[in-house]
Asks: 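One structure, pasted below without further comment.
Labels below follow one simple rule: chain letters A, B, ... track the order of the sequence lines, proteins then strands, and each chain is numbered from 1.
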Amino acid sequence: MNISKTYQPKQAEDKWYSYWLEKGFFKSVPDEREPYTIVIPPPNVTGVLHMGHMLNNTIQDVLIRRARLKGKNACWVPGTDHASIATEAKVVAMLKERGIAKKDLSRDEFLSYAWEWKEKYGGIILEQLKKLGASCDWDRTRFTMDADLSEAVIDTFIHLHKKGWIYRGIRMVNWDPQGKTAVSDEEVIRKEVNQKLYYIRYEVSSIKYQVSGNENSETQVLNTNDLILGTNNNRLTIATTRPETIMADAAICINPNDERYFHLHGKKVLIPLINREIPIILDEYVTMDFGTGCLKVTPAHDLNDYELGIKHGLPIIDILNDDGTLNDKAQILVGEDRFAARKKIAVLLDEAGVLEKVEEYKSQVGFSERTNAVIEPKLSMQWFCKMEEMAKPALDYVLKGDIKLIPEKFTNTYKYWMENVKDWCISRQLWWGQQIPAWYLPNGQYVIAKTVNEALELAKQLAPHNPQLTTLDLRQDEDVVDTWFSSWLWPISVFNGFKDPDNVDINYYYPTNDLVTAPEILFFWVARMIMAGHEFRGQLPFKNVYLTGIVRDKLGRKMSKSLGNSPDPLDLIDKHGADGVRVGMLLSSPAGNDLMFDESHCEQGRNFANKIWNAFKLIKGWEVDEHLENPNSVAINWFNSRFNEALQQIEENFNQYRLSEALMVTYKLVWDDFCAWYLEMIKPVYQQPIDKTTYETTIKYFQNILIILHPFTPFITEELWHDELFGIRADNDCCIVAQLPTIGQIDTQIVGEIEVIKQLITEVRNVRNAKQIPKDKLPLLMKVNSAINYQQYSAILFKLANLESMDFTDVKIAGAANFIVGTDEFYIVLADNIDVDAERERLNAELAYLHGFLKAVNAKLQNERFVANAKPEIVDNELKKKTDAETKIKIIQESLSLLAN
RNA sequence: GGGAGCUUAGCUCAGCUGGUUCAGAGCAUCUGCCUUACAAGCAGAGGGUCACUGGUUCGAACCCAGUAGCUCCCA
């Protein structure tokens with residue numbers, strides 16, 4: 001029999017993953033069992049696996065596998081998200097490489113390229129998940145643009161529009177000039193950026209409230225210059241980080257209480273370079289002590305200015321094109337990109353002598369999450385979804401505890417967001433996605449309908465005077481809906497709950513049990529799923545939301561492609577095995593806390609797999625002699641209790657979603673209790689046979705260990721499960737579908753006493769180390785003061801402490817190496833006597849410690865208020881501590897006096 | 001600027017309802033071992049003013065207040 005020295009993950013992983021698939025163990029169909037359901041947070045269809053996915057999906061797989069072992073009907077639904085912006089950007093880039101520009105393609109042509117791309121690259125990430133061992137029901141794989149899922153999106157759009165919750169309006173949106181689309185607030189990442197603050201001088205116009213069309217600005221320039229040159233009272237200075245937007249200015253705003261500017265009330269100023277005249281307006285919105293106290297108001301390019309503009313009835317002058325270049329309204333620098341224009345205008349202003357100074361300035365700038373372009377606040381016609389009414393029930397689910405957020409701390413953030421929810425801009429100026437089902441009539445009116453024919457019907461009602469209207473007269477809205485407008489339906493739509501709301505699957509699997517996702521998308525995905533669940537099914541979509549942390553590197557930086565600090569997950573699996581990586585990911589990842597990823601954790605995981613492998617190797621090598629008696633009943637009983645104890649702890653940890661704790665309990669049970677102690681206790685002498693009872697019991701224990709390990713390390717456990725050591729397995733007898741052992745009896749006495757025995761063994765080993773006699777068999781004498789029956793443990797002691805003899809004594813033994821465990825005294829008589837001085841020192845130190853301990857205990861007990869207030873069991877415990885300490889002190893004092901003789 | 005959270009061993013984290021001299025785990029470190037399952041291992045050991053300052057209490061890592069530092073969310 002030739003078993004490799006270490007565990008070799010590679011073949012086992014491929015072999016068993018295909019085997020599981022072949023046997024259909026991941027497959028779930030509704031039956032009489034209790035369901036346990038997870039829907040995957042669908043990764044971007046174009047994405048590749050990163051460390052965040054690894055963590056997230058490892059957790060889901062652990063949960064789903066455990067549910068399976070508990071006999072539940074476990075169903076993990078996988079799939080991908082069409083990710084409008086990200087995917088469209090990739091397709092555009094691909095086309096560009098092929099020399100094709102998006103603008104030269106029709107919508108249909110573009111979409112066929114996009115689908116081609118999706119078929120080719122989409123789903124790579126799902127293949128990668130398989131390497132990790134993800135036990136998803138692959139037959140249920142969905143894509144957010146599958147025909148029926150898209151249909152659900154359109155239907156819900158129509159539904160919400162009918163309710164009056166979807167409307168069209170001009171609003172200031174976050175514009176991504178690179179993606180050329182609006183993005184939601186949640187997709188904007190604010191970062192602090194070093195910028196420049198430009199101080200620009202505006203001249204006050206001579207003409208007071210002369211309403212002019214401003215058509216002949218050149219003459220005005222001459223006039224004004226003549227009039228006000230050199231008079232400080234006739235100029236003002238504003239500070240801005242965006243000088244390229246001065247051409248879009250609609251006013252200058254000052255605080256009405258600002259004494260410095262009283263003389264400017266009612267005046268107008270001229271925008272430098274273009275000399276357009278704008279009014280000076282008064283509003284307390286302006287902070288007097290910030291900058292110069294003069295604020296340029298640019299309604300088209302700043303949200304606050306927009307609101308100020310509305311209030312004061314200012315015109316909105318939009319000088320930017322969709323791609324971030326300046327348009328004709330800017331009058332100068334037309335066609336330049338906004339950032340190029342910023343640099344150039346600074347030069348122009350300087351040349352014109354109106355640039356007073358430039359300061360360094362730090363401020364928050366919004367970036368597009370998808371393209372990383374600087375977000376431009378921009379006015380545009382968009383579709384919005386009202387949130388207020390949907391937010392209320394969604395908040396209640398969480399506040400009432402029907403949906404639990406894990407960890408709980410996220411409830412606060414959730415509450416805040418839901419109470420301050422803003423309408424959701426759901427239109428995106430893209431082609432890849434579900435096209436908005438709005439159809440425009442030639443006169444600009446629109447109807448919302450599922451098909452063009454339905455739209456025509458509605459249109460005819462709307463325009464009775466125009467009976468000749470045909471579908472050709474209708475133009476469908478060009479935009480698609482936000483990707484989240486499809487993914488918020490995910491838990492319902494994967495079970496076909498829209499088209500067929502009463503089907504067997506949705507009735508069985510929905511609401512799902514656990515959702516595992518990142519806190520970043522708590523709002524724009526999780527919260528909206530809860531809203532959708534309530535609105536479209538009147539039910540919550542899941543019961544628990546487990547929020548993982550962000551995977552960071554050792555330096556605490558978020559792992560990202562651009563930083564290059566993220567290891568390739570598949571390389572890690574290649575290096576340490578999938579089981580090793582899974583253990584590594586879980587070792588230090590409490591819910592909601594960021595995970596400082598360190599590859600050494602994976603190494604630890606690999607070592608653990610190897611430890612399991614070697615325990616197997618040991619047992620595998622044993623020969624059974626049927627005639628032998630079982631000498632190991634104590635060890636067998638002890639491990640049984642320890643196992644049940646651990647099982648209970650694991651259960652509790654899972655109930656509280658403490659996955660890393662559950663893993664650690666399992667880890668220690670296997671490594672310490674099973675390998676280091678149990679196997680050492682029962683292990684026969686080299687090349688000696690073992691008795692049948694011990695052998696069979698040990699195999700049973702090992703098999704149970706494989707089951708509890710399985711959620712964490714599925715591959716090695718399945719590999720070992722099928723070894724003939726466990727007998728001939730029936731066809732479907734696999735670890736993945738084994739039954740989790742139930743928690744049995746725990747004999748606390750034996751568990752406690754073995755702890756003492758372990759300490760005793762450690763002490764003997766310490767004597768060996770100290771005396772440099774690693775291999776000699778030693779004689780042990782015991783002076784027992786406790787109730788422990790050491791005779792019962794003699795076999796274990798002989799073996800693990802390597803004893804020559806074990807005898808009892810009523811008297812202290814002078815000159816022997818000695819130690820105390822609990823209140824029992826132990827002596828080992830050695831050839832050379834112990835060092836009396838060192839021994840005295842050791843005992844005195846021990847004595848001092850005990851005196852201190854006793855003093856503290858006595859102080860408590862003598863404190864009347866303690867005795868009066870503390871719970872009785874606490875007081876009893878103090879009394880017990882007192883007697884114990886006194887006994888020990890007595891023993892040590894006797895030992896010291898013995899030394900003196 | 002507003003809000004939430006965190007700070008415990010070199011690192012990553014437990015520590016539940018305040019109660020054992022309660023300060024714990026894993027990893028790392030140090031010492032000794034290639035002892036027939038495993039050096040990816042075994043046997044031992046060291047390591048901490050629980051961020052700081054006050055308060056409540058018979059008793060505080062834990063509760064309260066303030067301070068400092070860090071992180072996240074919102075503006």
Side-chain angles (χ1 to χ4, degrees), chain A residues 3-7 185-186 190 287 303-304 364 407-417 420 422 519-520 522-523 549-550 552 554 556 576-577 580 584 587-590 592-598 600-601 603-622 652-653 656 658 660-661 663-665 667-668 671-672 675-676 679-680 683 685-687 761-770 772 774-775 800 802 849-850 852-857 859-871 873-882 884-885:
Chain A
I3 307 172
S4 80
K5 208 171 169 184
T6 52
Y7 169 57
D185 290 345
E186 289 76 17
R190 290 203 152 69
T287 318
L303 182 58
N304 295 315
Q364 298 275 321
E408 240 174 303
K409 65 176 177 186
F410 285 107
T411 308
N412 281 335
T413 338
Y414 180 82
K415 181 167 179 266
Y416 179 84
W417 191 77
N420 295 281
K422 283 186 218 143
E520 297 114 274
L522 178 60
F523 307 135
I550 297 167
R552 296 178 180 278
K554 270 182 180 174
H576 308 290
L587 270 173
S588 64
S589 60
N593 277 16
D594 288 359
L595 166 70
M596 302 293 168
F597 182 79
D598 187 339
S600 71
H601 289 145
E603 235 171 86
Q604 195 185 342
R606 177 203 59 177
N607 294 354
F608 183 47
N610 200 45
K611 188 73 188 175
I612 300 165
W613 180 258
N614 276 292
F616 160 75
K617 247 178 80 181
L618 174 67
I619 300 169
K620 179 83 177 163
W622 287 338
E652 280 163 15
N653 283 319
Q656 294 173 68
R658 299 170 173 225
S660 37
E661 294 275 307
L663 170 59
M664 193 41 74
V665 172
Y667 180 94
K668 286 198 273 193
W671 200 305
D672 299 343
C675 293
L679 288 179
E680 292 299 329
K683 182 164 130 183
V685 183
Y686 181 56
Q687 287 192 328
I761 291 164
T762 299
E763 292 289 355
V764 175
R765 285 171 178 168
N766 268 337
V767 171
R768 281 178 196 287
N769 273 359
Q772 309 268 310
K775 287 182 180 164
L800 298 192
N802 195 18
Y849 168 87
L850 284 166
F853 179 81
L854 186 61
K855 202 178 152 196
V857 173
K860 264 190 194 177
L861 287 168
Q862 280 155 19
N863 183 333
E864 283 170 31
R865 295 216 270 177
F866 169 72
V867 182
N869 292 326
K871 287 182 224 150
E873 60 266 30
I874 304 280
V875 179
D876 284 349
N877 199 26
E878 291 300 310
L879 285 167
K880 187 173 168 290
K881 272 157 65 182
K882 181 183 152 96
D884 275 6

Asks: Donor-acceptor pair, distance only, cut-off 3.5 Å: does the side chain of N863(A) make one with the backbone of A859(A)?
Replies: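 Answer holds: no.
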Asks: In whole Å, what separates the C1' atom of U12(B) from that of A4(B)?
Replies: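 It comes out at 23 Å once rounded to the nearest Å.
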Asks: Could you give the distance separating U29(B) and C11(B) at their P atoms, to the nearest angstrom?
Replies: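 Looking at atom P only, C11(B) and U29(B) are 15 Å apart.
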Asks: Rounding to an integer number of angstrom, what distance separates A75(B) and C62(B) when you compare their P atoms?
Replies: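 One P to the other, the span is 35 Å.
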Asks: When the distance from CG of L522(A) to P of C72(B) is rounded to whole Å, what number comes out?
Replies: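 In whole Å, C72(B) P and L522(A) CG are 17 Å from each other.
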Asks: Who pairs with Y414(A) by ring pair (Phe, Tyr, Trp, His ring centres under 6.0 Å), at least two apart in sequence or on another chain?
Replies: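 Once residues adjacent in sequence are excluded, Y414(A) has no partner under the ring pair (Phe, Tyr, Trp, His ring centres under 6.0 Å) criterion.
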Asks: Rounded to whole angstrom units, what separation is found between the CZ atom of F410(A) and the C1' atom of G5(B)?
Replies: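 Nearest whole value for this atom pair: 9 Å.
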Asks: Contact class for K880(A) (heavy atom, under 4.0 Å): base, sugar-phosphate, or nothing?
Replies: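 Nothing: the residue K880(A), judged by heavy atoms under 4.0 Å, touches no strand.
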Asks: Can you label the angle between the Y849(A) ring and the F853(A) ring as parallel, tilted or perpendicular, going by 30° and 60°?
Replies: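 Ring orientation of Y849(A) relative to F853(A): parallel.
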Asks: Side chain of Y686(A), heavy atoms from C-beta onward: which of A40(B), A37(B), C38(B) has the nearest atom to it?
Replies: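 The nucleotide sitting nearest to the side chain is A37(B).
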Asks: For atom C1', what is the distance between G10(B) and U17(B), given to the nearest Å?
Replies: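 My reading of the C1' atoms in G10(B) and U17(B) gives 34 Å.
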Asks: Expected output check: what is the dot-bracket annotation of RNA chain B, where ( ) and [ ] are pairs inside the strand (brackets for crossing ones), | is paired with another strand, and pairs are Watson-Crick or G-U under 3.5 Å?
Replies: (((((((..((((.....[....)))).(((((.......))))).....(((((..]....)))))))))))).
Asks: Taking atom C1' in both C50(B) and A25(B), compute the distance separating them and give it to the nearest angstrom.
Replies: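 Nearest-Å result for C50(B) against A25(B) at atom C1': 16 Å.
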Asks: Mind checking the C1' distance from A43(B) to U49(B)? Whole angstroms is fine.
Replies: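 The answer is 33 Å between these two C1' atoms.
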Asks: For D884(A), is there an ion pair with K880(A) - N to carboxylate O distance below 4.0 angstrom?
Replies: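 Judged by the 4.0 Å cut-off on N to carboxylate O distance, K880(A) and D884(A) do form a salt bridge.
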Asks: Given that Q687(A) and T6(A) both sit by RNA chain B, which one's nearest nucleotide is further toward the 5' end?
Replies: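 Residue closer to the 5' terminus by nearest nucleotide: Q687(A).
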Asks: Measuring from L522(A):CG to T411(A):OG1, what's the distance to the nearest 0.5 Å?
Replies: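 OG1 of T411(A) is found 9.0 Å from CG of L522(A).
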Asks: Pick the P atom in G55(B) and in A9(B), then give their distance to the nearest Å.
Replies: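 The same atom, P, in both gives a distance of 26 Å.
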Asks: Heavy atoms under 4.0 Å is the rule here; annotate nucleotides 41-46 of chain B 5' to 3' with B where the base is hit, S where only the sugar-phosphate is, and - elsewhere.
Replies: SSSSS-
Asks: Is Y416(A) touching bases, backbone alone, or none of the nucleic acid, heavy atoms closer than 4.0 Å?
Replies: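 Sugar-phosphate, backbone atoms only, no base.
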Asks: Determine whether I619(A) and L679(A) make a side-chain contact, defined as any pair of heavy atoms from C-beta on separated by less than 4.5 Å.
Replies: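 They are in contact (side-chain heavy atoms under 4.5 Å apart), so the answer is yes.
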Asks: Rounding to a whole Å, what distance do you find between K409(A):NZ and C6(B):P?
Replies: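 So the two atoms are 7 Å apart, to the nearest Å.
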Asks: Want to settle it: does K422(A) or N412(A) sit nearer the 5' end of RNA chain B, counting the closest nucleotide to each?
Replies: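 It is N412(A), whose closest nucleotide lies nearer the 5' terminus.
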Asks: Roughly how many Å apart are U67(B) and G59(B), using the P atom of each and rounding to a whole number?
Replies: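 Their P atoms lie roughly 26 Å apart.
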Asks: In this structure, how many angstroms lie between the C1' atom of G26(B) and the CZ atom of R658(A), rounded?
Replies: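 About 16 Å, once rounded to whole Å.
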